[in-house]
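In what follows, a structure is listed as structure tokens, so that the remarks can point back to it.
The basis for the numbers below is simple: all heavy atoms, side chains too, and nothing from hydrogens, waters or symmetry mates.
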Amino acid sequence: TERSFIAIKPDGVARNLVGEIIARFERKGFVLVGLKQIVPTADLAKSHYAEHAERPFFGGLVSFITSGPVVAMVWEGKGVIAAARALIGATNPLASAPGTIRGDLAIDVGRNIIHGSDSVDSAKREIALWFAETELLATATPNPHIYEPRN
Ligand code: GTP
Ligand code: MG
């Protein structure tokens with residue numbers, strides 16, 4: 001099984017989309033193994049988005065992500081990293097398909113309401129950055145209504 005770091009950004013929280021977004025992951029069948037609401041420090045935001053440090057939008061991205069509460073989550077399940085990216089949709093919400101979170105709920109790239117890890121390595125890095133091991137549940141027993149046995 002697999003884990004992904006998912007964060008509802010300050011715009012998603014301010015727009016009262018937390019329940020809507022969590023419901024989509026729950027309905028898919030993924031398991032929530034970590035959850036907290038925090039206002040990220042600038043250090044945390046810069047480490048989280050370190051790969052974009054040289055981009056022109058970096059300053060705005062860091063100031064936006066630290067501007068209010070973020071709902072930080074770890075979701076678990078088969079293929080969750082790629083599946084969460086598919087549920088989330090393309091970076092630019094106007095290019096995200098209807099049915100995706102960004103496609104249904106957002107317009108501007110700088111207000112795209114949610115983050116999802118883009119690879120196994122970034123998921124591991126981001127989970128360790130945002131959560132202590134003690135804040136995460138143990139791996140869930142697969143629900144037989146969602147998973148066939150032994151695959
Ligand atoms: P995350 O899940 O947030 O990492 O989004 P992503 O993986 O779909 O996109 P990427 O990692 O390339 O960019 C990270 C974030 O930077 C995006 O979610 C946007 O909020 C922001 N961003 C990316 N490109 C632009 C841009 O061209 N302009 C602005 N203003 N923001 C951008
Ligand atoms: Mg990204």
Side-chain angles (χ1 to χ4, degrees), residues 1-13 17-55 57-93 95-97 100-103 105-106 109-144 146-151:
T1 195
E2 202 172 271
R3 290 181 169 192
S4 187
F5 175 70
I6 304 294
I8 306 174
K9 301 179 187 183
D11 48 344
V13 176
L17 294 173
V18 173
E20 163 78 31
I21 290 168
I22 288 178
R24 291 182 182 218
F25 284 85
E26 283 189 322
R27 289 187 310 195
K28 176 69 175 171
F30 294 128
V31 175
L32 186 57
V33 296
L35 173 68
K36 62 183 171 186
Q37 182 170 224
I38 58 167
V39 180
T41 63
D43 276 358
L44 174 56
K46 287 177 191 164
S47 316
H48 174 77
Y49 279 126
E51 66 171 317
H52 299 304
E54 307 308 321
R55 307 287 286 279
F57 57 82
F58 185 70
L61 181 59
V62 169
S63 65
F64 181 65
I65 206 82
T66 58
S67 68
V70 167
V71 172
M73 300 179 279
V74 178
W75 286 89
E76 180 178 280
K78 189 201 284 185
V80 65
I81 296 169
R85 298 279 291 185
L87 289 172
I88 289 168
T91 305
N92 179 352
S96 297
T100 66
I101 292 167
R102 288 169 176 163
L105 303 172
V109 68
R111 297 290 186 274
N112 63 5
I113 66 174
I114 182 167
H115 162 82
S117 303
D118 63 12
S119 66
V120 171
D121 285 350
S122 55
K124 284 187 166 49
R125 186 186 77 84
E126 292 165 6
I127 291 167
L129 187 61
W130 288 78
F131 284 92
E133 195 57 52
T134 52
E135 295 176 312
L136 301 173
L137 298 185
T139 297
T141 304
N143 180 337
I146 296 174
Y147 296 99
E148 284 188 302
R150 271 182 299 106
N151 63 346

*asked:* Check the orientation of His115 and His48. Use parallel for under 30°, tilted for 30 to 60°, and perpendicular for over 60°.
replied: perpendicular
*Which salt bridge (charged side-chain N to carboxylate O under 4.0 Å, His left out) pairs, counting each pair once, include a residue from residues 20-32, with sequence neighbours left out?*
Glu20-Arg24, Arg24-Asp104
*Please report the closest heavy-atom contact between Ser4 and Val80, naming both atoms and the distance.*
N-CG1, 3.8 Å
_Closest non-hydrogen atom pair, Pro40 against Trp130_ = CG-CH2, 3.8 Å
_Tell me the closest heavy-atom pair linking Leu136 and Gly34, and the distance in Å._
CD2-CA, 3.9 Å
*Output all residues satisfying side-chain contact (heavy atoms from CB on, under 4.5 Å) with Ser47, sequence neighbours left out; order by chain, then residue number.*
Leu129
_Val70 side chain reached by Val39 side chain, heavy atoms, under 4.5 Å_ = no
*Report the C-alpha separation of Thr139 and Thr1 in whole Å, then their side-chain angles, then the decisive distance to 0.1 Å, and conclude whether the side chain to side chain contact (heavy atoms under 4.5 Å, CB included) test is met.*
CA-CA 9 Å; Thr139 297; Thr1 195; 4.0 Å; yes
*If you look at every heavy atom in Ser117 and Glu126, which pair is closest and at what distance?*
OG-OE1, 2.6 Å
*asked:* I need the Ile113 CD1 to Lys9 NZ distance, nearest 0.5 Å.
replied: 9.5 Å
*To the nearest 0.5 angstrom, please state how far the CD1 atom of Ile114 sits from the CG atom of Leu17.*
10.0 Å
_For Ser96 against Gly89, the heavy-atom pair lying closest together_ = OG-C, 3.7 Å
*Please tell me if the side chains of Ser119 and Ile81 come closer than 4.5 Å, counting only heavy atoms from C-beta onward.*
no
*Who are the ring pair (Phe, Tyr, Trp, His ring centres under 6.0 Å) partners of Phe30, not counting sequence neighbours?*
none
*Report the distance from atom CZ of Phe131 to atom CZ of Phe5, rounding to the nearest 0.5 Å.*
6.0 Å
*Val18: what forms a side-chain contact (heavy atoms from CB on, under 4.5 Å) with it, not counting sequence neighbours?*
Ile8, Val13, Ile22, Val71
*At their closest point, which heavy atom of Leu35 faces which heavy atom of Met73, and how far apart are they?*
CD1-CG, 3.6 Å
*Counting distance only, does the side-chain N/O of Asn112 pair as donor-acceptor with the main-chain N or O of Pro93 below 3.5 Å?*
no
*So, Tyr147 side chain and Gly77 main chain: donor-acceptor pair closer than 3.5 Å or not?*
no
*Side-chain contact test, heavy atoms from C-beta onward, threshold under 4.5 Å: evaluate it for Glu76 versus Leu32 and give yes or no.*
no
_Between Val31 and Trp75, is there a side-chain heavy-atom distance shorter than 4.5 Å?_
no
Side-chain donor-acceptor distances from residues 58-65 under 3.5 Å, at least two apart:
residue : atom : partner : partner atom : Å
Ser63   : OG   : Gly59   : O            : 3.2
Ser63   : OG   : Gly60   : O            : 3.2

*Listed once per pair and sorted, the salt bridge (charged side-chain N to carboxylate O under 4.0 Å, His left out) pairs that draw on residues 32-47, sequence neighbours left out*: Lys36-Glu135
*Please name the residue in the list Ile6, Thr100, Ile21 that meets the side-chain contact (heavy atoms from CB on, under 4.5 Å) test with Ile88.*
Ile6
